[in-house]
Amino acid sequence: MKGARFTTLAISGAYDHAEAAGHLGALSEPAHLTTAQSFPSMDAMLAATAEDGDGWVYARRGNPTVRLLEQTVAALEGYGTDAEVSAALTATGMGAITLATMPLLSTDAGPRPNIVASPQCYGSTTMVFDKRYGQERGVDVRWVADPLSVDDWARRIDDETRFLYAETPSNPTVQLVDIPALSALARQARIPLIVDATLATPALLRPLALGADVVVHSLTKTAGASGRSMGGAVIARHDLGLRGRPAELSADYAGYLRRGPLRDMGAVISPFNAWTILADVREVRGRVDAMSRSAHQVARYLDEHAGVTEVFYPGLESHRSHHIARRDMWLVDSELDGGQAENRFGFLLCFRPAGGVRAAHEAMDRLGLIWRANNLGQVRSTATIPGATTHKQAADADPGRAPVPPDMIRLSVGIEHVDDIIADLDQALRTR
Ligand SMILES: Cc1ncc(COP(=O)(O)O)c(C=O)c1O
């Protein structure tokens with residue numbers, strides 16, 4: 001499929017006519033819901049088991065349905081780069097974040113390793129870095145005070161830094177970072193820049209094309225938008241040229257993860273989940289386009305609403321990282337549609353109703369179409385108060401680091417008609 005456009009890659013994935021012929025011509029990918037492969041002979045079994053490749057033997061080591069999703073995700077994330085790209089899939093997004101980072105923290109007898117990270121990230125990511133790595137493993141976790149300041153990042157990097165980490169746009173306040181500038185710092189230090197781009201999806205932002213080395217995704221979100229399955233992905237370009245790391249790790253990081261840490265530690269995605277996500281990921285571009293258009297309209301509506309004190313959406317000029325969003329967030333291949341590339345700023349936004357925490361909770365309670373739920377990127381619009389739910393643990397542990405206002409509602413705009421979404425917000429924000 002080399003040379004094909006983004007949507008063609010998403011639709012075809014890694015399943016072609018030849019592959020279909022091997023499955024009685026099935027038009028869609030078969031779900032291999034089985035734990036192991038059987039072999040016609042002992043010789044065949046030994047040959048497959050001895051291979052240190054990507055063979056299918058036992059489902060923790062590989063599965064054909066999982067492999068199809070893995071190849072599709074790698075092709076979409078690598079779209080527009082010259083680099084070779086591969087992926088490893090995990091049971092959840094947190095599994096992907098752990099898998100992408102933990103192997104870089106090997107502790108030998110040397111000095112204490114450190115990591116440099118943006119604190120504007122999902123609550124559980126903060127907990128993994130602070131608790132699992134900082135408290136339990138003695139890693140020095142250096143949170144950047146202002147993720148938009150490249151100097152702030154540069155100041156914290158030294159010879160013991162193992163990686164740079166950022167979520168862009170971030171959950172919940174949708175802040176971006178300057179990927180090209182951070183990737184220049186990472187290259188100089190010969191360490192990877194790891195980016196969680198879950199909220200953008202490759203339909204709007206492809207960090208590898210902007211210079212990042214490793215991308216992580218929660219496939220539980222927009223990739224699996226119908227909300228049936230959890231999953232995660234680590235996607236990395238080849239030949240990372242890392243300092244002090246084994247050659248095979250640097251050569252093909254995602255392949256190394258699949259063949260070693262993932263297989264050993266076992267947080268693999270189930271083939272059933274991979275199969276449902278394969279169906280959803282086909283339409284990611286069209287869906288994210290529609291969701292982003294509606295989200296922009298909703299953000300403008302809320303921005304002008306007298307009962308709302310603050311709106312966070314990267315498409316609004318008032319947003320702190322609007323300039324980066326304008327530079328980096330484009331609907332993939334939109335220049336082919338109308339001759340001009342088009343910005344899209346994603347489906348997530350936050351807002352604070354006037355009247356504080358109580359008013360925010362009351363507005364949430366009045367929602368009738370939008371679902372009160374702690375997921376995002378779904379075809380159904382969902383809302384939550386992150387300070388009281390998804391980010392509570394992290395905010396309680398260090399309220400000042402990346403403030404999440406307790407009266408801030410996070411809204412993930414789905415693909416219902418935008419008029420109905422706005423009508424629901426309108427009645428929820430009406431105080432009398
Ligand atoms: C940006 C981001 N990354 C990672 C995760 C973790 O994903 P999962 O819940 O699939 O483990 C989330 C979950 O909300 C998220 O929003």
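Both ligands and their constituent atoms are indexed starting at 1 by order of listing.
- When the options Phe129, Trp153, Tyr122 are evaluated for a ring-ring contact (aromatic ring centres under 6.0 Å, His included) with Tyr165, the one that passes is Phe129.
- The list of salt bridge (charged side-chain N to carboxylate O under 4.0 Å, His left out) pairs with a residue in residues 231-244, not counting sequence neighbours, reads Asp213-Arg237.
- Taking the six-membered ring wherever Trp is involved, the centroid distance between the rings of Phe351 and Tyr313 does not fall below 6.0 Å.
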Are any protein N/O atoms closer than 3.5 Å to the N/O atoms of ligand 1? If there are, list each pair with names and the distance to one decimal place.
residue, atom, partner, partner atom, Å
ligand 1, 3 (N), Asp196, OD2, 2.6
ligand 1, 7 (O), Ser218, OG, 3.1
ligand 1, 10 (O), Gly93, N, 2.8
ligand 1, 10 (O), Ser218, OG, 2.8
ligand 1, 10 (O), Thr220, OG1, 2.6
ligand 1, 11 (O), Gly93, N, 3.0
ligand 1, 11 (O), Met94, N, 2.8
ligand 1, 14 (O), Lys221, NZ, 3.1
ligand 1, 16 (O), Asn171, ND2, 2.9

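- By the neighbour-count criterion of 12 heavy atoms within 6.0 Å, atom CZ of Arg380 is sparsely surrounded, having that number or fewer from other residues, nucleotides or ligands.
- For the pairing with Ile385, the side-chain contact (heavy atoms from CB on, under 4.5 Å) check across Arg410, Arg372, His361 returns one residue only, His361.
- Around the CD atom of Glu84, the shell of radius 6.0 Å holds no more than 12 heavy atoms that belong to other residues, nucleotides or ligands.
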